[in-house]
Amino acid sequence: MTHVVTESCIRCKYTDCVDVCPVDCFREGPNFLTIDPDECIDCAVCIPECPVNAIMPEEDVPGDQQHMIQLNADLARSGWPSITKRKPALPDADEWKDKTGKLSELKR
Amino acid sequence: MPDRTALQAPPGAPITTEALVIGAGPTGLFQVFQLGLLEIACHVVDSLAMPGGQCIELYPDKPIYDIPAVPVCTGRELVDRLLAQIAPMKPTFHLSQQVSAVEPQADGGFEVTTTAGVRFRAGTVFIAGGVGSFVPRRIKVDGIDCFFGRQVIHSGEAVPSAKGRRVIVIGDDEAALDTALALADSDIDRPASVTLMHRRDAFTASPATVDRMRAACAAGRMQFVAAQAIGCESAGDTLTQLVVARADGTTLSLPVDLLLVLWGLSPKLGPIADWGIQLDRKQVVVDTEKFETSVPRIFAVGDVNTYPGKKKLIVCGFHEATMAAYGAAAYLRPDRPVQVQYTTTSTRLHRLLGVAPDA
């Protein structure tokens with residue numbers, strides 16, 4: 001079990017979640033955050049922090065976001081650096097926060 | 001209703017105790033009860049200022065539906081009921097401090113030290129640390145750390161006088177808006193200015209409080225800035241400016257004498273990794289017979305532990321605490337076999353619970 005960052009985070013990256021993680025399991029890419037499934041302890045503290053509700057437990061990930069479970073793991077293992085302190089969101093985050101189907105926007 | 005802040009022990013000489021419970025969440029509190037039924041007295045350490053752990057800090061008003069025989073109760077109600085249940089056991093709480101060190105001793109026990117300088121000689125240790133110690137979420141901007149505790153104050157810390165000072169309050173919850181409003185409306189100790197800052201013009205505080213804040217802004221008693229801190233400026237050893245970025249990318253320099261960062265508390269898994277206990281993915285490995293760790297006489301119960309099939313549920317923590325108490329009794333009472341007794345019938349348990357006819 002782990003928690004998973006879904007597509008809502010893409011091009012927003014508000015980073016509120018990283019401040020509250022007790023085990024520092026978030027990894028940062030250019031326009032997305034991912035959770036390292038080997039580090040996450042399923043404490044669920046990050047869920048309410050995300051202003052776009054991008055984070056959910058693995059078993060609650062809806063059907064159209066199932067691919068994000070493996071993608072979180074792959075991106076975490078691809079060497080993205082750890083992020084433990086909050087930083088400003090991406091400049092146009094508020095324009096992208098309500099958009100769906102953002103997977104093609106993901107930068108690795 | 002029990003007083004959740006009662007029984008705070010003073011610092012001083014080492015305290016000898018048969019059992020030390022680390023963490024006063026629901027599992028830690030029930031651990032006290034089960035130890036009490038086995039006539040093992042204990043002390044309890046917690047980083048929060050009151051018992052309750054996640055139930056109090058994360059979801060005091062949310063309903064819980066999966067406590068046996070309690071169809072529904074809030075986090076706060078659960079804690080109050082547990083405190084009432086453990087009252088006969090007379091635990092001593094050491095609050096607002098974290099356990100910093102656990103050192104094994106030659107006699108099999110442990111010397112335990114807290115961040116407040118309290119020391120224990122404990123025969124057994126129960127780690128009921130949940131997802132970690134609740135600590136303030138601190139502002140993270142280069143060069144600002146040296147002002148912490150002086151001009152930069154975080155949630156849970158004492159706030160110095162704001163009289164005549166330019167105050168910035170960062171946050172968006174009820175506590176943050178209440179604090180900003182109280183400052184803006186104060187007659188004595190009136191600040192020179194009050195600025196509320198949050199990343200967005202949207203708040204988690206109640207709509208009524210947000211309305212009051214907007215009215216205060218409209219009346220000129222305070223102002224709101226939608227921005228995030230990205231830097232600071234100082235003159236000598238005084239913080240003078242907070243540099244902030246607005247959503248449109250423009251930056252702004254706000255004069256500041258006192259900065260209140262009210263982002264609340266979040267858990268951080270503390271120094272458990274330094275105690276020589278086997279961990280798996282930052283959780284404490286235990287057996288499922290006694291919920292004992294790789295170090296004999298140290299037990300781990302509740303969200304902090306892991307074992308095959310582990311479920312992070314309060315009800316599982318209660319079971320784990322029960323089994324751990326019997327595990328500890330075997331060490332502490334080696335010459336006295338521990339028998340299971342029932343609270344319905346046992347006169348010994350009735351005496352411990354203060355319900356015996358002659359009690």
Side-chain angles (χ1 to χ4, degrees), chain A residues 1-3 8-9 11-28 31 35-55 57-60 72-73 76-77 82-98, chain B residues 54 57-59 62 129-142 170 172-173 198-204 226-231 243-251 261 263-270 272-273 279-284 302-306 309-312:
Chain A
M1 262 286 292
T2 179
H3 278 51
S8 301
C9 179
R11 293 203 70 162
C12 292
K13 213 168 81 167
Y14 285 101
T15 73
D16 298 59
C17 51
V18 307
D19 258 354
V20 302
C21 178
V23 294
D24 297 338
C25 72
F26 284 92
R27 307 286 177 262
E28 183 184 18
N31 65 359
I35 288 176
D36 184 338
D38 295 331
E39 295 285 321
C40 174
I41 59 172
D42 290 313
C43 75
V45 174
C46 56
I47 292 176
E49 299 297 326
C50 178
V52 296
N53 300 317
I55 308 173
E58 186 175 357
E59 74 268 24
D60 290 349
N72 269 239
R77 287 161 194 158
S82 178
I83 173 171
T84 60
K85 64 189 228 184
R86 178 151 62 160
K87 57 199 271 187
L90 294 176
D92 51 357
D94 286 352
E95 288 165 38
W96 283 90
K97 70 183 168 65
D98 299 321
Chain B
Q54 292 176 58
E57 190 54 39
L58 293 183
Y59 50 89
K62 279 193 192 165
V131 294
S133 304
F134 282 91
V135 294
R137 296 168 59 183
R138 298 187 196 282
I139 187 167
K140 292 169 180 171
V141 161
D142 286 341
I170 303 182
D172 78 315
D173 65 3
H198 177 53
R199 187 187 63 234
R200 300 181 297 146
D201 190 353
F203 304 88
T204 55
Q228 307 185 76
I230 55 169
V243 182
V244 305
R246 285 185 288 216
D248 61 8
T250 58
T251 61
V261 182
W263 280 332
L265 309 179
S266 74
K268 282 286 167 194
L269 208 58
I272 292 175
L279 301 180
D280 177 24
R281 291 180 59 197
K282 304 188 183 180
Q283 292 161 103
V284 181
D303 283 358
V304 78
N305 74 13
T306 186
K310 169 70 182 181
K311 300 286 178 285
K312 290 190 187 199

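Just so it is clear: chains get the letters A, B, ... in the order the sequence lines come, proteins before strands, and each one is counted from 1. What's counted below: heavy atoms across the whole structure, side chains too, no hydrogens, waters or symmetry copies.
Side-chain N or O atoms of B:K140 include none that pairs as donor or acceptor with a backbone N or O of A:D19 at under 3.5 Å. For B:K268 (side chain) and A:C21 (main-chain N/O), a donor-acceptor pair under 3.5 Å exists by modelled atom type.
With a threshold of 4.5 angstrom between heavy atoms, A:P88 approaches chain B through its backbone and through its side chain. The part of B:I230 that comes within reach of chain A is its side chain, from C-beta onward, which places non-hydrogen atoms under 4.5 angstrom from that chain. Of the two parts of B:K312, only the side chain, counted from C-beta on, holds a non-hydrogen atom closer than 4.5 Å to a non-hydrogen atom of chain A. For B:R281, the parts lying under 4.5 angstrom from a heavy atom of chain A are both the backbone and the side chain. Residue B:R199 touches chain A through its side chain alone, counting heavy-atom pairs closer than 4.5 Å. Only the side chain of A:V45 comes within contact range of chain B, with at least one heavy atom under 4.5 Å from a heavy atom of that chain.
The shortest distance between side-chain heavy atoms of A:C43 and B:D303 does not fall below 4.5 Å.
The neighbour count for B:D248 CG, taken as heavy atoms of other residues, nucleotides or ligands under 6.0 Å away, is above 12. Counting heavy-atom neighbours within 6.0 Å of B:K310 NZ, excluding the residue itself, gives a total above 12.
A:D16 approaches B:R137 most closely through the heavy-atom pair O-NH2, 4.0 Å. What you find for B:K282 and A:V23 is that their closest heavy atoms are NZ-O, 2.7 Å. Heavy atoms only, all atoms of each residue included: A:A89 and B:Q228 are closest at N-NE2, 3.2 Å. Closest approach of B:V131 and A:P22 over heavy atoms only: O-CB, 3.3 Å.
With respect to chain B, the highest number of heavy-atom pairs below 4.5 Å among A:D94, A:D42, A:D92, A:D38 belongs to A:D38.
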